[in-house]
Undergrad: 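For reference, the structure I am asking about is given below.
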Amino acid sequence: MLELDGVDIQLGTFRLQADLRVPKGACVAVMGASGSGKSTLINAIAGFQDHLGAIRLDGTDLSDLAPDQRPLSILFQDGNLFPHLTAAQNVALGLSANLRLSRDDWVRVDQVLHRVGLGGKEHKKPTALSGGQQSRVAIARVLLRGRPLLLLDEPFAALGPALRQDMLALVAGVAAQEGTTVLMITHAPEDARAIADQTIVVENGRAAAPCDTQDLLDNPPDGLRAYLGT
Amino acid sequence: MLALLLLFIFGTLLAVALRADDLSGLPSDFWPTVWFTLMQATLSGALSVLLAIPVARALMRRSFRGKALLIALLGAPFILPVIVAVLGLLSVFGRGGLLNTAVGWFGGDPVSVYGLTGILLAHAYFNLPLATRLLLQGWQDIPQGRVRLAQSLGMRGMAAFRHIEWPMLRDRAPGIFLAIFTICLTSFSVILLIGGGPRATTIELAIYEAFRFDFDLGKAALLALVQFAICGFVAVIALQTRLPQSAGSGVGHTTLPVLSNTKGIGAFDGLAIFLATAFLLIPLGMMLAKGVSALGDMHGAVWPAAIRSLVIAVASALGSVVMALALCLFALSLRRGAALIDGLGFLILATSPLVMGTGLFLIVFPFVNPTSVALWVTGLVNATVAMPFILRSILPALQQAERDHGRLADSLGLLGWARLRWMLVPRIRPALGFGAGLAAALSMGDLGVITLFSDPQRATLPMEMFRLMSSYRQDSAMAAALLLVGLSFGLFWLFDKWGRRYA
């Protein structure tokens with residue numbers, strides 16, 4: 001279970017507070033207007049944002065851990081791959097930051113690439129891959145790292161709607177098999193409906209506790225209604 | 001690393017200060033020398049910037065075949081060995097050069113380029129292209145929106161100039177002038193080759209003469225101290241001014257609409273471009289042609305000197321890059337790191353290599369015969385002198401790499417060595433290669449500190465060439481110049497190509 005306990009972030013005049021719990025293995029959407037603090041919340045969990053209060057995963061406080069020490073993976077809006085490394089190397093970084101891998105490790109790299117549908121593309125550089133394929137490489141690395149929590153900061157926003165939904169479905173499928181907890185920022189209600197049972201609404205400086213996505217989108221509170229334009 | 005570098009700059013200065021005569025030791029020609037130093041630097045800076053304005057403006061507004069090539073060529077004088085350029089200029093403007101031959105046909109008296117005229121000519125040769133590139137960058141940085149606004153308001157002629165171009169010039173020109181002023185303040189080889197005498201001696205040359213001809217270390221040290229004081233003063237002014245950022249490779253690919261269109265402006269632009277191109281290319285072409293025809297006269301001593309120079313150039317380039325990289329990584333970990341790098345870069349730029357050399361000479365003099373370490377000292381000074389250019393090249397690249405991939409690297413635990421190897425170096429490789437290329441070419445063509453320790457057994461290629469010129473063996477000098485130019489550009493090309501591979 002992911003717990004945000006009295007989390008309080010002050011950024012100049014902007015303030016964000018969060019007190020909430022996300023059950024293990026849940027897939028939760030994070031919605032809110034631009035500038036409401038969705039990314040700030042995700043960054044705090046990932047370790048890129050100082051905060052007061054505690055962030056715990058299965059009882060362990062993450063607050064003092066460096067980003068790479070935290071039991072989580074994160075996919076950013078862009079720049080998830082190093083352009084000078086091959087697909088396999090980009091994935092392998094998930095096992096060893098020095099890229100010192102045993103023969104067995106490289107086999108595992110190959111396996112996850114196959115699992116996301118990129119068999120045979122091991123030696124391609126990101127520029128030689130399509131946008132969807134690049135996303136798959138990043139997902140393969142998440143898979144290989146096998147961390148219990150996955151944060152998505154709109155990594156597929158630049159893809160077209162159909163491709164974006166394919167990628168989200170891939171992530172959701174993988175997460176379900178591995179029992180990974182997923183927190184994903186999204187602007188699109190249909191994405192939330194498609195893969196997130198629950199949704200956290202961020203507005204007026206607060207991240208609310210997750211509630212049922214269908215109920216929320218069928219009867220949105222005023223702030224969210226204005227944002228969605230429904 | 002930073003401490004070591006500061007120790008190097010200020011330690012050599014301290015050595016100089018301790019050894020310096022008191023002020024009564026000032027030679028009688030001291031004030032004229034200071035006056036001439038400042039005057040030639042001021043004139044060189046002003047001349048370069050003023051002449052660069054019409055050239056840059058013309059380049060910005062016209063598009064023609066070979067424009068990209070011409071703009072790339074504008075970068076060439078920067079890595080052209082000074083002694084080669086001077087030889088080229090002499091073959092056009094010198095006693096037996098093209099100009100005087102033409103003057104002779106018309107029965108005129110020969111024009112002499114030795115002294116102030118020649119110094120200004122040579123400084124303009126190196127700095128006019130630099131100023132042009134930097135101004136071109138300025139023109140390019142004018143927001144497109146503002147240009148379109150001016151067009152839609154129907155601004156023409158002087159109005160357009162006043163509201164669009166003049167603000168840019170007022171913003172950029174002082175910084176460019178100051179940078180060139182500083183370069184010319186510490187210029188040594190040009191003065192050594194075509195200056196000198198009672199009416200064209202700078203402080204740098206006076207230091208050299210105190211060393212070589214009088215072997216008066218006290219006087220040399222005192223002069224070095226004066227030079228440092230002047231440069232320090234300029235550095236303080238420079239820190240208050242917006243200095244030009246180096247003109248990258250993206251310069252000159254856009255064309256500004258001709259707003260200030262008055263009658264005859266097209267011809268004027270064409271003339272500016274033509275004259276600048278001729279000024280740039282004819283001396284170089286003459287030098288190359290004469291060098292090729294004189295290849296048979298290659299002096300035997302040239303080859304070992306070339307090998308020595310190559311070793312020094314490669315070693316000092318690598319040393320310089322490693323120092324610069326370490327410094328930048330250190331600076332990135334600080335909050336005001338970028339400002340530190342800027343300050344350090346200018347401190348080095350304002351530090352005269354000859355003063356550093358003098359200091360090192362004074363430090364090692366009591367222990368070993370200075371000539372036996374001449375090449376080490378040369379390499380060390382060259383590596384330091386090239387640092388500002390490498391710092392300017394790699395710091396922005398490192399910052400960009402951190403912006404693009406810093407969080408990804410953090411989240412994957414790419415720290416320390418792994419971050420350097422798998423993320424930073426691959427990302428900044430073009431900047432590293434370019435910087436190392438500059439450093440190698442500058443070191444290859446350097447005719448500075450080495451002259452203090454002249455020893456035929458340990459001459460560098462430019463030193464050997466200087467010796468050939470001094471003994472009036474023009475043909476051998478031309479052949480050596482061709483070799484020197486080939487090696488300088490070759491080194492630059494190799495390093496730069498290494499950087500661009502896989503990019």
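Throughout, protein chains are lettered first and strands after them, A, B, ... in sequence-line order, and every chain is numbered starting at 1.
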Undergrad: Working to the nearest 0.5 angstrom, can you tell me the gap between A/D68 CG and B/L408 CG?
TA: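 Reported to 0.5 Å precision, the distance equals 11.5 Å.
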Undergrad: Relative to chain B, which segment of A/L85 carries a heavy atom at a distance below 4.5 Å: side chain, backbone, both, or neither?
TA: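 The side chain, not the backbone.
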Undergrad: Given heavy-atom pairs under 4.5 angstrom as the criterion, report whether the side chain, backbone, both or neither of A/L72 touches chain B.
TA: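 The answer is neither part of A/L72.
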Undergrad: Among B/A418, B/A409, B/S411, which has the most heavy-atom pairs under 4.5 Å with chain A?
TA: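 Sorted descending by pairs with chain A, the first entry is B/S411.
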Undergrad: Contact part of A/R141 toward chain B, heavy-atom cut-off under 4.5 Å: side chain, backbone, both or neither?
TA: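 The side chain, not the backbone.
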Undergrad: Tell me, for A/Q69 versus chain B, whether the close heavy atoms (under 4.5 Å) come from the side chain, the backbone, both or neither.
TA: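 Answer is neither: A/Q69 stays 4.5 Å or more from chain B.
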Undergrad: With respect to chain B, which residue among A/L81, A/L99, A/T127 yields the maximal number of heavy-atom pairs within a distance under 4.5 Å?
TA: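 The option with the most such pairs is A/L99.
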Undergrad: CH2 of B/W422 to CG of A/L93: how many Å apart, nearest 0.5 Å?
TA: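 Here the rounded value is 8.0 Å.
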Undergrad: Please flag which part of A/R145 lies under 4.5 Å from any non-hydrogen atom of chain B: side chain, backbone, both or neither.
TA: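 Interface part for A/R145: side chain.
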Undergrad: Of all heavy-atom pairs between A/A97 and B/L412, which one has the smallest distance, and what is that distance?
TA: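 So the minimum-distance heavy-atom pair works out to CB-O, 4.0 Å.
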Undergrad: Could you pull out the closest heavy-atom pair between B/H405 and A/P83, with the gap in Å?
TA: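 Scanning both residues, the minimum pair turns out to be NE2-CD, 3.5 Å.
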Undergrad: Could you tell me which non-hydrogen atom of B/D410 sits nearest to which non-hydrogen atom of A/F48, and how far apart they are?
TA: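 That closest heavy-atom pairing would be CB-CE2, 3.6 Å.
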Undergrad: Please report the closest heavy-atom contact between A/H84 and B/M423, naming both atoms and the distance.
TA: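 Minimum heavy-atom separation between A/H84 and B/M423: CE1-O, 3.8 Å.
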